[in-house]
Peer 1: 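One structure, pasted below without further comment.
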Amino acid sequence: MSQIKPTGQEGEEAFATLRNNANAIRAICSAVEGTLGPKGLDTMLVGTQGEVVITNDGVTILEKMDVTHPAARLLIQVARSQQHQVGDGTTTATVLAGALVAEGVAQVTRGVPVAKVVRGVQDGVAAALESLARRARPLEGMSDPLLYRIAYIAGREHADLAKLIVEGAKRLGPAKLQEQHFRFSDVVMSHGKAANEVWPGLLINKKPANAQLDFPPDTAQVLLFQDAFEPETVDEEALMTDAGFHKQTQLREQFRALLEKLVELRVGFVASERAVDPEAEQFCTDHGIMVLQRLPRAELRRIAEYTGARPIRRGGLRKPASELAGYLGFAGHVAYDERLESVRMAEGKGRTQVSIVVGASTSEVVGERLRIARDAASSVQAALRGGCLPGGGAAEMAVAHELDRHRETVQGMEGFGIAAVAQALRKPLAQIVVNAGYNPLEKVEEVKAAQIASGNDALGIDCDTGSVADMMAAGVVDPAEVKLHALQAAGEVACAVLRIHTVIKMRPRTEE
């Protein structure tokens, strides 16, 4: 039987799904790539009720966009992953993913089998990751001047926020910032009524339950409840019986008696994950004890770490006072700040903590400044963990040239996938110079020639003058961890999109 080759129209139909997905990816990328680099501009997001958000934060733009296309949603997952794992570099990850998809589609439509392209992309991304990791420069501790430059670049050249973040990092110390589960960006908060501030302790965004009491700054023994601060209860069914009602009354009387232990132990601050019994609240008010209720578990954990307290269940009040004392924490300063509507806590006997307050004049501006400050905090932490690389797309350009040389040694069609990765790595620099108003083809070639001639992988484009400049010498640096995760996530989603041959709508779920 003779082999019949598909006609041109049939060939186009074979790539219809791939082109459709690539177009959706391109549409998403176009929404964020204009924000990349020092000359990138902002995006205005308008809600259905007229609410407005002005930002150039990639993940914020993508999260708030009305997106229905399934392939576009995959790209948004890249930004979410980047934000969750590293906290910065979402725009770079999105631009790289879009470029990888575009270059991969170009290779497939010219006749290269999808499996070969995907395999080449995977090999190219792995080689690029190895090259980037090898080029990373470690920071020389908290005194390294590059730390401020990293905060300044990630903080979109807001000098006041960069100073704020670096000061907070120095107060925390490298040991705390190196902890695997600690997120430096979580200590940054914003308030429209506040000025920029680094508080050497905790700022708990909660009003005391006994707000009618004036709490002057004071020392406090700290007691934390991992559930409700109220009497133990009996089952509702048992409560309907005389024995159950009598048992409930007995438990409440015992609870009243146990409250006296708070005075005996000189407790000055109580926080509960759930509700606080009105009688317990009144007792604490009468004895000058500040009470916070319904705190998130993460916040309760922060207080425990800072004060050295060990959270207990409500049944823990039955313990002897001498034993219960071992569960108490201590803070040398506890006070309620009415202006910030937050409780200030300092001089804890536990692990070091800081709270960074970012202020602004309007709610829209303070929201954007908060996003910027958190990006800067995430970048500083990432740089301390994994070192830094030249920014401005310079490092990616150097790796792209290395991949070009590697591609020449590869036999087989996988080399086309490696070439796609090399070309995609030039996209960040090209987009940065486009946003600065220069010709990307010209500037990319200038940087490529300069890096090859000098052997310096830090050469990039000065967006003010358009000339080739050393990014490390100019202080344009990015955390290596940000670039590594961005490329890895981009490669994964690009391969997933390229392998999609058919899109089928699932039938709706039916309930029996």
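Keep in mind the model is a prediction, meaning the values are calculated, not measured. In this chain, residues are counted from 1 in sequence order.
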Peer 1: Scan side-chain atoms only and decide if Arg405 and His401 contain a donor-acceptor pair under the 3.5 Å cut-off.
Peer 2: yes
Peer 1: Partners of Arg426 by salt bridge (Lys or Arg N to Asp or Glu O under 4.0 Å), sequence neighbours excluded?
Peer 2: Asp404
Peer 1: Any chance you could lay out the salt bridge (charged side-chain N to carboxylate O under 4.0 Å, His left out) test for Glu63 and Arg80, step after step, and finish with the verdict?
Peer 2: CA-CA 8 Å; Glu63 287 279 8; Arg80 287 176 179 165; 2.9 Å; yes
Peer 1: Does a donor on one side chain and an acceptor on the other come within less than 3.5 Å for Ser131 and Arg135?
Peer 2: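 Yes, Arg135 and Ser131 have a side-chain donor paired with an acceptor closer than 3.5 Å.
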Peer 1: Tell me if a side-chain donor or acceptor on Tyr438 pairs with a main-chain N or O of Gly466 at a distance below 3.5 Å.
Peer 2: yes
Peer 1: What's the shortest heavy-atom distance between Val482 and Gln82, and which atoms?
Peer 2: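 Closest pair (atom of Val482, atom of Gln82, distance): O-NE2, 3.1 Å.
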Peer 1: Evaluate the side-chain contact (heavy atoms from CB on, under 4.5 Å) criterion for residues Leu292 and Leu295: first the C-alpha distance (whole Å), next the side-chain angles of each, then the deciding distance (0.1 Å), finally the verdict.
Peer 2: CA-CA 7 Å; Leu292 301 185; Leu295 261 68; 3.5 Å; yes
Peer 1: For Thr94 and Thr90, work out which heavy atoms get closest and say how close.
Peer 2: OG1-O, 2.8 Å
Peer 1: Can you find a heavy atom in the side chain of Arg110 that is under 4.5 Å from one in the side chain of Val112?
Peer 2: yes
Peer 1: To the closest 0.5 Å, what do you measure between CD (Glu408) and CG (Leu403)?
Peer 2: 11.5 Å
Peer 1: Mind listing the closest non-hydrogen atom pair of Pro440 and Val434 along with its distance?
Peer 2: CG-CG2, 3.5 Å
Peer 1: Heavy atoms, side chains only, cut-off 4.5 Å: are Met345 and Ile303 in contact?
Peer 2: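 The answer is yes; the side chains approach within 4.5 Å.
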Peer 1: Sequence neighbours excluded and cut-off under 3.5 Å, please list the side-chain donor-acceptor pairs for residues 22-35, or say none.
Peer 2:
residue : atom : partner : partner atom : Å
Asn23   : ND2  : Arg19   : O            : 3.2
Arg26   : NH1  : Glu33   : OE1          : 3.1
Arg26   : NH1  : Glu33   : OE2          : 3.3
Arg26   : NH2  : Glu33   : OE2          : 2.9
Ser30   : OG   : Ala27   : O            : 2.7
Thr35   : OG1  : Val32   : O            : 2.6

Peer 1: Pair Asp462, Ser467 - check side-chain hydrogen bond (donor to acceptor under 3.5 Å, both in side chains), show working.
Peer 2: CA-CA 6 Å; Asp462 185 328; Ser467 59; 5.1 Å; no
Peer 1: side-chain contact (heavy atoms from CB on, under 4.5 Å) between Val357 and Asn196: does it pass, once the steps are laid out?
Peer 2: CA-CA 5 Å; Val357 182; Asn196 292 345; over 6 Å; no
Peer 1: Under 4.0 Å between a Lys/Arg side-chain N and an Asp/Glu carboxylate O for Arg294 and Glu273?
Peer 2: no
Peer 1: Could you report the tightest heavy-atom contact between Ala79 and Val59, atom names first, then the distance?
Peer 2: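 Reported closest heavy-atom pair: O-CG2, 4.0 Å.
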Peer 1: For the pair Glu197 (side chain) and Ile356 (backbone), establish whether a donor and an acceptor sit closer than 3.5 Å, ignoring hydrogens and angles.
Peer 2: no
Peer 1: Take Leu203 and Val343 through the test side-chain contact (heavy atoms from CB on, under 4.5 Å) and record every step on the way to the result.
Peer 2: CA-CA 6 Å; Leu203 276 171; Val343 174; over 6 Å; no
Peer 1: Got a salt bridge between Asp186 and Arg301, using NZ or NE/NH1/NH2 to carboxylate O under 4.0 Å?
Peer 2: no
Peer 1: Could you state the interatomic distance from CD1 (Ile461) to CD1 (Ile432), rounded to the nearest 0.5 Å?
Peer 2: 10.5 Å
Peer 1: Less than 4.0 angstrom from a charged side-chain N to a carboxylate O is my criterion; do Arg119 and Glu414 meet it?
Peer 2: no
Peer 1: Would you compute the distance between atom CD of Gln431 and atom OG1 of Thr92 and round it to the nearest 0.5 angstrom?
Peer 2: 11.0 Å
Peer 1: Any heavy-atom pair between the side chains of Trp199 and Leu340 that's under 4.5 Å?
Peer 2: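 The answer is no; the side chains never approach within 4.5 Å.
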Peer 1: Out of curiosity, Thr91 OG1 to Ile61 CD1, how far, rounded to the nearest 0.5 Å?
Peer 2: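 It comes to 6.5 Å.
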Peer 1: Looking only at side chains, do Ser342 and Asp337 share a donor and an acceptor under 3.5 Å apart?
Peer 2: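 Looking only at side-chain atoms, Asp337 and Ser342 do not form any donor-acceptor pair under 3.5 Å.
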Peer 1: Does the pair Arg137 and Asp457 meet the rule for a salt bridge (charged side-chain N to carboxylate O under 4.0 Å, His left out), with working shown?
Peer 2: CA-CA 12 Å; Arg137 286 85 156 164; Asp457 65 354; 3.0 Å; yes
Peer 1: For residues Leu425 and Glu396, report the shortest heavy-atom separation together with the two atoms involved.
Peer 2: O-CB, 3.2 Å
Peer 1: Report yes if some heavy atom in the side chain of Val399 is under 4.5 Å from a heavy atom in the side chain of Leu129; otherwise report no.
Peer 2: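 They are not in side-chain contact.
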Peer 1: Return yes if some donor-acceptor pair links the side-chain N/O of Glu305 with the main-chain N/O of Arg351 below 3.5 Å, else return no.
Peer 2: no
Peer 1: Verify the neighbour count for atom NZ of Lys116: are there more than 12 heavy atoms of other residues, nucleotides or ligands below 6.0 Å?
Peer 2: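 Counting neighbours around NZ of Lys116, 12 or fewer heavy atoms of other residues, nucleotides or ligands fall under 6.0 Å, so no.
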Peer 1: Spell out, as yes or no, whether a donor-acceptor pair under 3.5 Å connects the side chain of Arg149 to the backbone of Val476.
Peer 2: no
Peer 1: Start with the C-alpha gap between Arg369 and Asp160, add the side-chain angles, then the distance that decides, and say whether salt bridge (charged side-chain N to carboxylate O under 4.0 Å, His left out) holds.
Peer 2: CA-CA 11 Å; Arg369 281 173 61 82; Asp160 61 330; 2.8 Å; yes
Peer 1: So, do Val447 and Leu429 sit near enough that their side-chain heavy atoms are less than 4.5 Å apart?
Peer 2: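 A side-chain contact under 4.5 Å exists here.
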Peer 1: With no hydrogens and no angle check, is any side-chain donor or acceptor of Ser81 less than 3.5 Å from a backbone partner on Val78?
Peer 2: no
Peer 1: Is Val358 close to Val188 at the side-chain level, that is, under 4.5 Å between some pair of heavy atoms?
Peer 2: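 Yes - at least one pair of side-chain heavy atoms lies under 4.5 Å apart.
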Peer 1: If every non-hydrogen atom of Met471 is compared with every non-hydrogen atom of Gly391, which pair is closest and at what distance?
Peer 2: CG-O, 3.4 Å
Peer 1: Without swapping roles, check the side chain of His69 against the backbone of Ala71 for a donor-acceptor pair under 3.5 Å.
Peer 2: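 Present.
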Peer 1: Which residue, Asp478, Leu147, Leu146, forms the side-chain contact (heavy atoms from CB on, under 4.5 Å) with Cys388?
Peer 2: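 So the option named by the test is Leu146.
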Peer 1: To the nearest 0.5 Å, what is the distance between CZ (Arg183) and OG (Ser378)?
Peer 2: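 Reported value, rounded in 0.5 Å steps: 6.0 Å.
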Peer 1: Do Arg385 side-chain atoms and Glu179 backbone N/O form a donor-acceptor pair below 3.5 Å?
Peer 2: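 A pair under 3.5 Å: yes.
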Peer 1: Hey, is the main chain of Leu177 close enough, under 3.5 Å, to the side chain of Gln381 for a donor-acceptor pair?
Peer 2: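 Yes; judged by distance alone, with no hydrogens or angles, the pair exists.
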Peer 1: Does any part of the side chain of Arg156, heavy atoms only, come nearer than 4.5 Å to the side chain of Ile372, both counted from C-beta?
Peer 2: yes
Peer 1: Does CD in Glu130 sit with more than 12 non-hydrogen atoms of other residues, nucleotides or ligands closer than 6.0 Å?
Peer 2: no
Peer 1: Is it the case that over 12 heavy atoms from other parts of the model lie below 6.0 angstrom from the CD atom of Glu140?
Peer 2: no
Peer 1: Check Arg274 with Asp227, please: is the shortest side-chain N to carboxylate O separation under 4.0 Å?
Peer 2: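 Salt bridge flag = no for Arg274 with Asp227.
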Peer 1: Ile418 versus His406: any side-chain heavy-atom pair under 4.5 Å?
Peer 2: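 Counting from C-beta outward, Ile418 and His406 do come under 4.5 Å.
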Peer 1: Between Phe184 and Arg374, is there a cation-pi geometry (under 6.0 Å to ring centre, at most 45° from the normal)?
Peer 2: no
Peer 1: Output, in order, the C-alpha distance, side-chain angles, deciding distance and verdict of side-chain contact (heavy atoms from CB on, under 4.5 Å) for Phe416 and Arg407.
Peer 2: CA-CA 8 Å; Phe416 291 102; Arg407 188 257 181 275; 4.0 Å; yes
Peer 1: To the nearest 0.5 angstrom, please state how far the CG atom of Leu498 sits from the CD atom of Gln107.
Peer 2: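 One finds 10.5 Å between CG of Leu498 and CD of Gln107.
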Peer 1: For Thr55 and Glu368, which I'm curious about, is there any donor-acceptor pair between the side chains at under 3.5 Å?
Peer 2: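 Side chains of Thr55 and Glu368: pair found under 3.5 Å.
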Peer 1: Using distance only, find each side-chain donor-acceptor pair of residues 161-174 under 3.5 Å and give its atom names and separation, not counting sequence neighbours.
Peer 2:
none

